[in-house]
Amino acid sequence: MTGSLALSRKRSFVLEPRGPYRFDANLHKPSHFPSSDNAWAPGQAWITMRWRGRRLGLRLEDQGTVDEPRVRVTVFSRSVLPEAVLPPLLEEAAWRFNLDQDLAPFLEAFEDDEFLGPAISRRRGMKPVAANSLYETLMVYVVLQNTVIRRSIAMLEALFDRFGRDVRFDGRTFSTFWTPEEMDASEEELRGLKVGYRARTIARLSDAFRGGIVDAALRTLPRADQERALSALYGVGPASLSYLLFEQFHHPDGLRVVPPWERKIMSRLLFGRRLVPEARILRLFRTRYPGYDKLAFDYLWEDLFWRHEREPIGWLAAEIRR
């Protein structure tokens with residue numbers, strides 16, 4: 001990595017999400033592992049972005065309420081951005097932070113539900129969000145595979161150090177992701193960064209995206225075509241596909257699997273037991289929350305981690321340490 005890049009130019013815009021929109025619950029996901037390309041504080045969030053060959057910094061500020069939301073987006077750049085770039089950039093930001101999805105049918109249907117009602121009351125306005133590009137999100141998924149959080153963090157930071165570049169804006173320094181074109185290492189070189197077997201997945205995904213996969217084009221496809229395109233990517237299995245359809249493409253259903261760690265936590269949360277069969281958890285969500293099984297799962301999951309962040313929950317802390 002070369003020296004950090006100063007992003008000294010800035011432009012501010014006010015966006016009005018479709019309410020309800022709970023800023024902090026959308027810009028901060030306590031269950032996610034931390035990475036050096038972003039930061040959050042109550043009412044504010046910062047993240048870097050690669051956009052049409054540029055490295056950008058975004059600061060988002062909550063200037064409204066849950067029911068009448070307003071988000072100020074300040075874009076930091078190295079040089080003045082051409083006016084023609086701004087409308088598509090803001091459109092991309094609106095998609096990544098899911099400003100336009102209508103939650104009303106879901107909230108009205110389940111606000112009195114025994115399990116989901118309390119989470120809805122506390123997190124009303126929380127939506128599926130993937131603040132990174134599809135390629136970047138996949139890179140995060142790769143380093144999360146089959147390991148503990150501290151190793152995932154170490155792998156991602158090693159990749160940032162080798163292929164990314166630091167930027168400075170708003171008095172802070174952040175990492176930026178690399179593009180598929182900048183991922184110019186062989187599998188052997190990647191293994192030298194201690195990513196293990198993931199080297200092959202990183203290399204093959206980078207090759208696929210250099211071949212012309214475009215986020216915006218996938219968003220316009222029918223869902224079945226999205227699923228086929230995503231499933232064709234190397235390393236994308238049922239769990240990754242479920243996450244991508246939800247976070248990246250905002251589909252509220254499609255809960256396909258419950259990975260082992262999530263299964264243990266949901267068993268304790270919903271059934272008060274150490275472990276119940278995956279099929280039982282899937283059946284509960286599919287029958288109780290038809291059309292919204294993944295969104296319902298996410299509300300319960302993120303609400304649990306929000307509560308744990310504010311007042312530690314002993315049994316959850318024990319699971320996180322394992």
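Just so it is clear, the model here is predicted, and its values are computed rather than measured.
- Every residue meeting the ring pair (Phe, Tyr, Trp, His ring centres under 6.0 Å) condition with Trp40, not counting sequence neighbours, appears here in chain and number order: His28, Trp306.
- A salt bridge links Glu187 with Arg200: at least one charged nitrogen is closer than 4.0 Å to a carboxylate oxygen.
- Legend: salt bridge (Lys or Arg N to Asp or Glu O under 4.0 Å) pairs involving residues 70-85, not counting sequence neighbours, sorted by first then second residue: Arg11-Glu83, Glu16-Arg70.
- Applying the side-chain hydrogen bond (donor to acceptor under 3.5 Å, both in side chains) test to every pair with at least one member in residues 267-276, sequence neighbours left out, gives no pairs at all.
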Indicate every side-chain donor-acceptor pair of residues 144-152 with a distance under 3.5 Å to a residue at least two apart or in another chain.
from: Gln145; atom 1: OE1; to: Tyr197; atom 2: OH; distance (Å): 3.4
from: Asn146; atom 1: ND2; to: Tyr197; atom 2: OH; distance (Å): 3.0
from: Arg151; atom 1: NH2; to: Lys194; atom 2: O; distance (Å): 2.8
from: Ser152; atom 1: OG; to: Val143; atom 2: O; distance (Å): 2.7

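- Residue pairs meeting the side-chain hydrogen bond (donor to acceptor under 3.5 Å, both in side chains) criterion with at least one partner in residues 115-125, sequence neighbours excluded, are Asp67-Arg124, Arg122-Asp303, Arg123-Asp303.
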Sequence neighbours excluded and cut-off under 3.5 Å, please list the side-chain donor-acceptor pairs for residues 101-109, or say none.
from: Gln101; atom 1: OE1; to: Asn98; atom 2: ND2; distance (Å): 2.8
from: Gln101; atom 1: NE2; to: His250; atom 2: O; distance (Å): 3.0
from: Asp102; atom 1: OD1; to: Ala104; atom 2: N; distance (Å): 3.0

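- Note: Phe177 and Phe160 meet the aromatic proximity criterion, with ring centroids under 6.0 Å apart.
- Members clustered with Trp46: Leu5, Leu7, Phe76, Val167, Phe169, Phe174, by chain and number, using a 4.5 Å side-chain heavy-atom cutoff among hydrophobic residues.
- Ser206 pairs by the side-chain hydrogen bond (donor to acceptor under 3.5 Å, both in side chains) definition with Tyr135, not counting sequence neighbours.
- Legend: residues meeting side-chain hydrogen bond (donor to acceptor under 3.5 Å, both in side chains) with Arg9, ordered by chain and number and at least two apart, are absent.
- Around the CD atom of Glu189, the shell of radius 6.0 Å holds more than 12 heavy atoms that belong to other residues, nucleotides or ligands.
- The side-chain hydrogen bond (donor to acceptor under 3.5 Å, both in side chains) check on Arg283 picks up nothing, with sequence neighbours excluded.
- Pairs passing the side-chain hydrogen bond (donor to acceptor under 3.5 Å, both in side chains) check and including a residue from residues 238-248, sequence neighbours excluded, read Thr137-Gln248, Tyr141-Glu247, Tyr243-Glu262.
- Every residue was checked against the side-chain hydrogen bond (donor to acceptor under 3.5 Å, both in side chains) condition with Trp51, not counting sequence neighbours, and none meets it.
- Note that NZ of Lys127 is 12.0 Å distant from CZ of Phe246, once rounded to the nearest 0.5 Å.
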